[in-house]
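Structure first, commentary second.
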Amino acid sequence: LRICEAMIRILERRRQFGGVWEMLEDLTRKGYPIPVEAFGVLIKGYGYAGMVEEAIEVLEKMGNLGLKASAGCYNALLEVLVKHNRIAEAENIYQRMLLAGFKPDKITSNTLLHGFGKSGKVKRARRLLEHLKENFIYPDAINYTALMAGLCKAGMPNEALSFVDDMTEDGYQPDVVTYSALIAGFCKAGNLHQAFILFNQMVDRGCLPNVFTYSTLIYALFKAGKAHDAHTLLNEMQQSLCSANIVTCNILMNGLGKEKKMDEARALYDEQGCVASVETYNTLISGYCKKSKLDEAFRLFHRMYVDGRPPN
RNA sequence: CAUGGUUUGAACCG
């Protein structure tokens, strides 16, 4: 299994999906058993490559090789479909999964709830929650958060917030992930006021904000043109012994770049001691381009190769 | 020397 997965990954990285199938057919011909789990890796690989149709076809091709898809394969495919907002197809695959005799597990339910949320299907989500309970599968904090995060991405933070009551009735309190998702949802909707109400509420309830929570709010403050408040919150974050990570750095640089303070942004990045990611470079390049400093932008572009992080 | 460690909830550029 390990060898099989490793080979699939290597071929995927080179976008040689044809080679993957050659290998699988070859193994079958020679009588080696192929572990079905390996196909989950392949399905995800197609997903990352944006080849959704091909991901769906993996199920058929498995049948051709005389193999039956596992729950993990169905879950992987559901995730690919949800990521690409193909919710009708996800629904279709889910029904096929049930027909094949699989019960939805935590991963299945999380993926579907996230997908229903992301496509604003509140009623369908409620129906799934009921169906799960009828089958003695009880939704937990993660299930509810997956749904709420989806709704937030759909620009429906108020609908998301309403599920806190359902969650509480089932005996679960929102955790730091739930709060961060809701805060991000209200920030995205431009309701910073409500975002900070939730921020204060979580602190009052003894739920400690983490780097996700702070980064979300710092990003929103910059976007609202409140650079000063963003800096204040950054200080607050550091005083609460929460250290910035690479995403926080990217957010700061993005914010400072908008203020056309690229030098300050670079200094800040060095000071935090973060290691530049592809996103870091993209953020900086984007900042320089907006300032029409193409020479600086290209300097960074070339440095990406030297750094071993080629442009995407 | 190299590669890999199936699948699910929150933040940044594109």
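Below, read A as the first sequence line, B as the second, and so on, with proteins coming before strands; counting in each chain starts at 1. Only this structure's heavy atoms are used, side chains among them; waters, hydrogens and symmetry mates stay out.
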Would you indicate what A/Asn245 reaches in the nucleic acid, counting non-hydrogen atoms under 4.0 angstrom: base, sugar-phosphate, or nothing? base
According to ring-ring contact (aromatic ring centres under 6.0 Å, His included), who are the partners of A/Phe186, at least two apart in sequence or on a separate chain? none
Side-chain contact check for A/Ile142: nearest option of B/C13, B/G9, B/A11 is B/G9
Between B/A10 (C1') and A/Phe212 (CZ): distance, integer Å: 6 Å
Is the distance from OP1 or OP2 of B/G14 to the nearest side-chain N or O of A/Tyr281 less than 4.0 Å? no
Could you list who else is in A/Phe136's hydrophobic cluster, with ILVMFWY side chains joined at under 4.5 Å, directly or through other members? A/Tyr138
With a 4.0 Å cut-off on heavy atoms, is A/Glu279 in touch with a base, just the backbone sugar-phosphate, or nothing at all? base
Of the residues in residues 111-121 of chain A, which ones touch RNA chain B at a heavy-atom distance under 4.0 Å? A/Thr111, A/His114
Distance check needed: B/C12 C1' versus A/Ile285 CD1, whole Å only. 15 Å
Whole angstroms only, please: what is the CG-P distance between A/Asn282 and B/C13? 10 Å
For RNA chain B, what is the dot-bracket line, given that a base pair needs Watson-Crick (N1 to N3, plus N6-O4 or O6-N4) or G-U wobble (N1-O2 and O6-N3) geometry with both distances under 3.5 Å, and | means paired with another strand? ..............
Closest to the A/Tyr219 side chain: B/C12, B/A10, B/U8? B/C12
How far apart are the closest heavy atoms of A/Leu182 and A/Pro157, and which atoms are they? CD2-O, 4.4 Å
Test side chain to side chain contact (heavy atoms under 4.5 Å, CB included) applied to A/Ala154 - qualifying residues, sequence neighbours left out: A/Met156
With heavy atoms under 4.0 Å as the rule, sort A/Ile251 into base, sugar-phosphate or nothing. sugar-phosphate
In this structure, how many angstroms lie between the P atom of B/U8 and the NZ atom of A/Lys103, rounded? 23 Å
Scan residues 146-156 of chain A against RNA chain B and write down, sorted by residue number, each residue with any heavy atom closer than 4.0 Å; if none is found, say none. A/Ala146, A/Ala149, A/Lys153
Any side chain to side chain donor-acceptor pair (under 3.5 Å) involving residues 154-167 of chain A? Give me the pairs, sequence neighbours left out, ordered by first then second residue. A/Arg126-A/Asp166
Rounding to an integer number of Å, can you tell me how far A/Leu198 CG sits from B/A11 C1'? 15 Å
CG of A/Asp105 versus P of B/G9: gap in Å, rounded? 13 Å
Any idea which of B/U7, B/G14, B/C12 is nearest the A/Lys290 side chain? B/G14
Heavy-atom closest pair, residues A/Ala90 and A/Val82: CB-CG2, 4.4 Å
Sequence neighbours excluded and cut-off under 3.5 Å, please list the side-chain donor-acceptor pairs for residues 62-74 of chain A, or say none.
unit_1: A/Ser70; atom_1: OG; unit_2: A/Gly72; atom_2: N; d: 3.4
unit_1: A/Ser70; atom_1: OG; unit_2: A/Cys73; atom_2: N; d: 3.3

Looking only at side chains, do A/Thr232 and A/Asn235 share a donor and an acceptor under 3.5 Å apart? no
Rounding to an integer number of Å, can you tell me how far A/Ile93 CD1 sits from B/U7 P? 19 Å
Donor-acceptor pair under 3.5 Å, A/Asn250 side chain vs B/A11 base: no
Nearest-nucleotide pick for A/Thr216, side chain only, options being B/A11, B/C13, B/A10: B/A11
Taking side chain to side chain contact (heavy atoms under 4.5 Å, CB included) as the definition, give me every residue that meets it alongside A/Asp295, ordered by chain and number, with sequence neighbours left out. A/Lys293
Need one value for A/Asn143: base, sugar-phosphate or nothing, where a base atom within 4.0 Å counts as base even if backbone is also close, heavy atoms only. nothing
I need the residues from residues 165-190 of chain A with at least one non-hydrogen atom less than 4.0 Å from RNA chain B; give them sorted by number, or say none. A/Asp175, A/Val177, A/Thr178, A/Ser180, A/Ala181, A/Ala184
Determine all donor-acceptor pairs shorter than 3.5 Å in which one atom belongs to a side chain in residues 192-207 of chain A; sequence neighbours excluded.
unit_1: A/Asn200; atom_1: ND2; unit_2: A/Phe196; atom_2: O; d: 3.2
unit_1: A/Gln201; atom_1: OE1; unit_2: A/Tyr179; atom_2: OH; d: 3.0
unit_1: A/Arg205; atom_1: NH1; unit_2: A/Tyr179; atom_2: OH; d: 3.0

Inter-residue atom distance A/Leu147.CG - A/Leu128.CG, 0.5 Å rounding: 9.0 Å
Whether the side chain of A/Asn245 engages the backbone of A/Val247 through a donor-acceptor N/O pair (distance < 3.5 Å, no angle test) should be reported. yes
Can you figure out which of B/C13, B/A11, B/G9 approaches the side chain of A/Val247 most closely? B/A11
Salt bridge (Lys or Arg N to Asp or Glu O under 4.0 Å) with A/Asp170: which residues, sequence neighbours excluded? A/Lys133
Within-4.5 Å side-chain heavy-atom neighbours: A/Val211 and A/Met237: yes
To the side chain of A/Thr145, which of B/C13, B/U6, B/G9 is closest? B/G9
Between A/Asn143 and A/Tyr172: side-chain donor-acceptor atoms closer than 3.5 Å: no
Length of the CG-P vector between A/Leu77 and B/U8, whole Å: 13 Å
